[in-house]
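Have a look at the structure below, then the notes.
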Amino acid sequence: MTISSSIKVMMLLAGLVAGGSARAEDAKAPVSAPAMQDPSLPQELKAQPSQPETKVPPAASQEAQAGGPNDCEVPAYLLASENPLTKVADAIKTRQRLDILVVGSGSSVLAGPDGLSTSYPARLEKALREKLTGVTVNVSTDIQVKKTAAEAAEGLEKLAKDRKPTLVIWQTGTVDAVKSVDPDDFRAAIDDGVTALQGAGSDVLLMNLQYSPRMETMITVAPYLDNMRVGAQEHNVPLFDRFAIMRHWNESGLFDLFNTHHGFGLAKRVHECLGQTLAAFVIEAAHVNTAELRIQR
């Protein structure tokens, strides 16, 4: 991939996550170290919405404005996993406590003063607290700035041992796809990272790339999606198929992810839905009966 193509992908992904359209001058202007992060990080190019925030028609409900449960529907097969989260189930049932660490790329966060509270890890924590009655839920993040899977994998064992999370959600693949990392090397990195996390005593959940219809025309994503799927199967860990879920939302008309003129409100709604859907996926993979938890409490 040429440098020019890489910059275009960075701008595209920045606009998608941040909810704004990245401008050509953003790529030319000097970028500070904190700003130039992962290709999907909204702050990386300081991309700001060039269009007004998406407005919800007055007749829409408050739930719809917030991206409520009725807005975030996905097919049941995208929430199913043959690989259970046994440590998560045990933590919920016996200790009534669940600590989750999201090891993410830039698309784990949103820009702005309320970016942390509206990004999907925070929405995941909120949704789990609401669903898991009587369970203390804490979700923390570790953003791997511009790191490939191999670079991130090197520090995962120490990170897990230091934080001691019950569950590590490892979101990766975007940087590797943009940098055209050899798919075999990417696959080896997934193996190393998952093995390290499991050896540190944590359950592992893999999350793949975010979906953008424009991105597919600029970079090859299939090898990275396939390798994450195979790696998850071989290590018996669940794979949260963010790519397929977001593609479903785009094709169903819930979100228009093709339009480059995203309002920041759209980005927040996408993260709200990702947080809710991820919470449902974690509960499903842990085989937790939330109704029983309510009765027991």
Side-chain angles (χ1 to χ4, degrees), residues 67-104 108 120-141 156 160 163-172 190-191 193-208 225 228-246 248-249 271-297:
N70 293 335
D71 291 321
C72 306
E73 184 178 358
V74 297
Y77 73 88
L78 289 176
L79 294 179
S81 175
E82 297 179 354
N83 303 319
L85 295 173
T86 56
K87 290 182 172 61
V88 170
D90 181 67
I92 291 172
K93 294 175 182 177
T94 63
R95 300 197 300 275
Q96 291 80 53
R97 181 181 179 88
L98 178 58
D99 294 302
I100 298 175
L101 173 62
V102 176
V103 179
S108 297
Y120 81 76
R123 310 320 291 169
L124 166 65
E125 179 179 86
K126 180 178 182 293
L128 286 174
R129 286 180 175 180
E130 292 174 350
K131 294 174 181 294
L132 300 176
T133 305
V135 177
T136 300
V137 179
N138 293 298
V139 177
S140 60
T141 59
L156 290 181
R163 301 279 192 96
K164 297 179 173 57
T166 306
L167 170 66
V168 175
I169 298 173
W170 186 16
Q171 175 204 305
T172 189
I190 295 298
D191 290 341
V194 173
T195 298
L197 290 171
Q198 290 178 326
S202 298
D203 266 347
V204 182
L205 186 156
L206 291 175
M207 179 189 295
N208 61 16
L225 297 172
M228 288 193 72
R229 186 175 299 108
V230 173
Q233 292 174 345
E234 292 195 349
H235 290 277
N236 297 315
V237 301
L239 171 69
F240 182 76
D241 197 345
R242 179 173 60 154
F243 188 89
I245 289 170
M246 289 182 66
H248 167 76
W249 286 336
H271 274 249
E272 176 71 34
C273 281
L274 283 173
Q276 291 181 17
T277 306
L278 184 54
F281 184 78
V282 168
I283 290 172
E284 177 68 20
H287 304 303
V288 173
N289 188 325
T290 55
E292 287 184 0
L293 286 178
R294 288 192 292 271
I295 293 174
Q296 292 171 3
R297 303 297 182 269

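Positions are given from 1 along the sequence. The analysis underlying the following values was restricted to heavy atoms, covering all of them including side chains, and did not include hydrogens, waters or symmetry mates.
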Return the minimal non-hydrogen interatomic distance between [X] and [Y], and the atom names on each side.
{"X": "Arg229", "Y": "Leu239", "answer": "CA-CD2, 3.8 Å"}
{"X": "Ala280", "Y": "Leu79", "answer": "CB-CD1, 4.4 Å"}
{"X": "Leu101", "Y": "Thr141", "answer": "CD1-C, 4.0 Å"}

Just so I know, are the side chains of [X] and [Y] near enough to count as touching, which here means a heavy-atom distance under 4.5 Å?
{"X": "Gln171", "Y": "Tyr120", "value": "yes"}
{"X": "Pro165", "Y": "Ile100", "value": "no"}
{"X": "Arg242", "Y": "Thr277", "value": "no"}
{"X": "Leu78", "Y": "Phe281", "value": "no"}
{"X": "Leu128", "Y": "Ile283", "value": "yes"}

Give a yes or no on whether the backbone of [Y] and the side-chain of [X] come within a donor-acceptor separation of less than 3.5 Å.
{"X": "Asp203", "Y": "Thr166", "result": "no"}
{"X": "Trp249", "Y": "Glu73", "result": "yes"}
{"X": "Ser202", "Y": "Val204", "result": "no"}
{"X": "Gln96", "Y": "Gly134", "result": "no"}
{"X": "Arg129", "Y": "Val137", "result": "yes"}

Got a second to check how far [X]'s [atom1] is from [Y]'s [atom2], nearest 0.5 Å?
{"X": "Asp241", "Y": "Met207", "atom1": "CG", "atom2": "CE", "answer": "10.5 Å"}
{"X": "Ile169", "Y": "Phe240", "atom1": "CD1", "atom2": "CZ", "answer": "8.5 Å"}
{"X": "Lys164", "Y": "Asp99", "atom1": "NZ", "atom2": "CG", "answer": "11.5 Å"}
{"X": "His271", "Y": "Ser108", "atom1": "NE2", "atom2": "OG", "answer": "8.0 Å"}

Holding to salt bridge (Lys or Arg N to Asp or Glu O under 4.0 Å), I want the full list of residues that pass it with Glu130, two or more places apart in sequence or in another chain. Lys126
Set out, in order, the CA-CA distance, both residues' side-chain angles and the distance that settles side-chain contact (heavy atoms from CB on, under 4.5 Å) for Asn138 and Arg97, then state yes or no. CA-CA 8 Å; Asn138 293 298; Arg97 181 181 179 88; 3.2 Å; yes
Evaluate the side-chain contact (heavy atoms from CB on, under 4.5 Å) criterion for residues Thr290 and Thr133: first the C-alpha distance (whole Å), next the side-chain angles of each, then the deciding distance (0.1 Å), finally the verdict. CA-CA 7 Å; Thr290 55; Thr133 305; over 6 Å; no
The side-chain contact (heavy atoms from CB on, under 4.5 Å) partner of Leu205 among Leu278, Val237, Val168 is Leu278
Validation: residues 84-91 side-chain donor-acceptor distances under 3.5 Å, sequence neighbours left out:
none

Side chain to side chain contact (heavy atoms under 4.5 Å, CB included) partners for Thr195, two or more places apart: His235
